[in-house]
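So you know, we letter chains A, B, ... as the sequences are listed, proteins then strands, and number each from 1.
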Amino acid sequence: MLRALELRKDFGELTVLHPISVDFCPGEVHALMGENGAGKSTLMKVLAGLYQPDYGHIQWRGEIVSFDSPHDALTAGIAMIHQELMPIPDLTVAENITLGIEPTGPLGIINRQTQRERAIELLRELEADLEPDRLMRTLTVAQTQVVEIAKALGRHADVILMDEPTAALSDHEIAALFRTINRLKSRGVAVVYTTHKMDEVFRLADRISILRDGRLITTAPAHELSPQKLISLMVGRELADIFPPRSVPGREPVLEVSGLTREPAYRDINLTLHRGEILALAGLMGAGRTEVASALYGLQPAISGLISVHGKNVVIDSPTTAIALGIGMVTEDRKGLGLIPALSVRENISLAALNRFARGPLVRHTEEANAARHQLQAFAIKASSPEQPIHQLSGGNQQKALLARCLLNEPEIIILDEPTRGIDIGAKAEIYAVIQKLAAQGKAILLISSELPEVLALAHRIVVLRQGNVAATLDASRSDQESLLNLAMPL
Amino acid sequence: MPTLDRNLLHRFGILIVILLIGLGLSLTTDTFLSLSNLTNVARQVSINGILAIGVTFVLLTAGVDLSLGAVVALSGVTCATFAHPGEHNVMIPIFIGLATGAACGITNGVLVTKGGVAPFIVTLGMMTVARGLALIASGGRPVADMSPSLTNLAGDVLGIPIPLLCFAGVALIAWIFLSNFRLGRYIYAVGGNENAARAAGISVTKVKLFAYTTCGLLTGLAGVVLAARTTTGQPNAGIAYELDAIAAVVIGGTSLAGGIGTVTGTILGVVLIGEINNGLDLLSVSSYYQAVIKGVIIVGAVWLDRRQSRS
């Protein structure tokens, strides 16, 4: 019914989707599997009209179509339910469900009665017990999702694309979602979805497509695959090729955390980071990894718990304090918390360490420029000059520039939150090399990554977080992906 | 400063427009190029210039200050109140005027940073409060009888109007500050991406407080200069001054979204607006039409600029 024909998508110089052809059938649940950055979300967004393909076509009911906007796709019958849901919080459930297709009387006045009835009807179809007059902002994530699905149904969507719908759900909410999906199936809707959870796929999917580095590896009926087979297809490459060898960590504790709590994100977190050690924080989305890192860097301090640096108890209330204590962080949110887009590469790199290039309040331009040029070389950052605005750089080069910014302060403790998200394999390998080099120099590194192979190959020890708790602390050399996934999976 | 180079082309564009309009005016009128007219333009431009430099700081942090005109009036009134002949040393009224402006600026800054109220609302409130205070302090009447030692500040030194010297001095200091001081860089960073600046260890609160206070201080200076020029502290002075100031800054290439802009751009914007005002006067265009023409030119200039920068 829906068919991708040789779809390709580039972001700047980076090809995130190599020509992909795949088809989706009515009444079928089709899972897209792959590591982060494999291209699953991109493929969905192209199908849903959010992105325009750089090459190839979408075939819809036998005709070649092109969707200029999500609205076009929706009108044709293709709806996407995003990972981050996008409801309008101050409208009611009924108003959200009928958003854009409000039943109107003469003069365009909305007919509230019909609007409510239509919403109730759709919710009943999904067996959802939801009051249509409730405000969206009072709903849980799972309920919001149901509303989004009802919204899609209300538009007579024949294809529903779901990007990690279960990532933020509890187990019985997942069960409810599965019932909904089965109902959609029996109505002849094609459901396409992504997940990181192995057990789910085999319970739900009829067919599975595996993507890796923007390429479609294979599409197979679910019963022909096993979890082991699936993981090996997802991971694919030989890890030894891009991961440099680990050095031996020291014994001296640099950072100790005990009882760190900030409800509801995380509670009673205990961990110790040693000199020269790479400690990974693993876990699923929403397990509290980024939140713990934010507390250690002062972006969002914890409510209770003790942090000590070099054996001294400290209070980290802002990034300024953290930097003064020798803590540096490269955040996961490159756009939101990292880049100053209008400033040059030089100005971005020197930003956190500007006092090093200043005499009193005055910036010494020569020293600053020299340091920036040095960092450009040391991190192989590809920029036409240090004066190029940083927003013109590719994702990988931006990421290396932010790493360079963080390291210019010569921190002893380095927090790296998803340092390789959304960058190509070459830049990844370079960043892995930098991480190992830093550890060899005796820096203590706290690494957060959703890519399990990365965690296993880089870290000395792994702290697994599950729903805000420490589920286990493991020796990386004696762990594998499956045991990590099992520990990370919500109980 | 590389931000200068980046905007060079843009600046070049405005410069050409300024020169073209100047050429047109010198051909169509006898008076435009006369010394007396040019000093007059310089005098008129100076107050808007001082305000525009001040509000550049605020706009760079992605804020806005709508209270400029009202604070000009309030500072003028407080300054004039202490400027009666033979009462105080001339430095006292000047200081009082500057302090009044700075106090308004600090108040704006505190409400924006600690209070978390949107700059538009805070400074809109300050606009009416300051206007009200100016009327209260003066009893609604112009505060006249100012000492000549203060009103002389509107005069000349070696043939150069003192207000112009003030503007030039302020512009020079602001330029040096923004391009060479750490705090200057931080202003760009905060305006460019506030959260990223905070994550890089910059105190966003301090930076914004500084920007609003500087803007207030310079507004106070503009109030003092205006009082000296008109030899009175007028509680009704300065109405809509903020609009000309903000227009000049935006024409000069500063982004209302913050993080982009330069002092030289602002200076050129000020000159362009001053030239247009003067030109329309010289061509004896009715003030009704002047308002329309000016509005069209402001929007047109910014529209052209954005179109150019997008391509």
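Pairs passing the salt bridge (Lys or Arg N to Asp or Glu O under 4.0 Å) check and including a residue from residues 312-333 of chain A, sequence neighbours excluded, read A/E332-A/R421.
For residues 196-213 of chain B, a heavy-atom distance under 4.5 Å to chain A picks out B/A196, B/A197, B/R198, B/A199, B/A200, B/G201, B/I202, given by residue number.
Contact tally against chain B (heavy-atom pairs below 4.5 Å) for A/A358, A/P319, A/G328: the top residue is A/P319.
For chain B, no part of A/N348 is nearby; none of its heavy atoms comes within less than 4.5 Å. Heavy atoms closer than 4.5 Å to chain B are found in the side chain of A/L299, but not in its backbone. Using a 4.5 Å cut-off between heavy atoms, B/F177 does not touch chain A at all. Within the 4.5 angstrom heavy-atom criterion, only side-chain atoms of A/Y297, from C-beta onward, approach chain B. Contacts between A/I323 and chain B at a heavy-atom distance below 4.5 Å involve the side chain alone, from C-beta outward.
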*Under the side chain to side chain contact (heavy atoms under 4.5 Å, CB included) rule, what do B/F181 and A/V363 come out as? Steps first, then yes or no, please.*
CA-CA 5 Å; B/F181 277 58; A/V363 178; 5.9 Å; no
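Although no hydrogens or angles enter the test, the distance criterion places a donor-acceptor pair under 3.5 Å between the side chain of B/N193 and the main chain of A/L339.
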Please table the atom pairs, donor to acceptor, closer than 3.5 Å between any side-chain atom in residues 104-115 of chain B and protein atoms at least two apart or in another chain.
residue : atom : partner : partner atom : Å
B/T107  : OG1  : B/A103  : O            : 2.6
B/N108  : ND2  : B/S67   : OG           : 3.4
B/T113  : OG1  : B/G109  : O            : 2.8

What donor-acceptor contacts under 3.5 angstrom involve side-chain atoms of residues 367-378 of chain A, with partners at least two apart or in another chain?
residue : atom : partner : partner atom : Å
A/E367  : OE2  : A/R364  : NH1          : 2.6
A/E368  : OE1  : A/R346  : NH1          : 2.9
A/E368  : OE1  : B/R185  : NH2          : 3.1
A/E368  : OE2  : A/R346  : NH1          : 3.2
A/E368  : OE2  : A/S350  : OG           : 2.7
A/E368  : OE2  : B/R185  : NH1          : 2.6
A/E368  : OE2  : B/R185  : NH2          : 3.4
A/N370  : OD1  : A/R373  : NH1          : 3.4
A/N370  : ND2  : A/T366  : O            : 3.4
A/Q375  : NE2  : A/A404  : O            : 3.0

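Between A/L362 atom CG and B/L183 atom CG the span is 11.5 Å, to the nearest 0.5 Å. A distance of 4.5 Å separates CG of A/L354 from OH of B/Y186, quoted to the nearest 0.5 Å.
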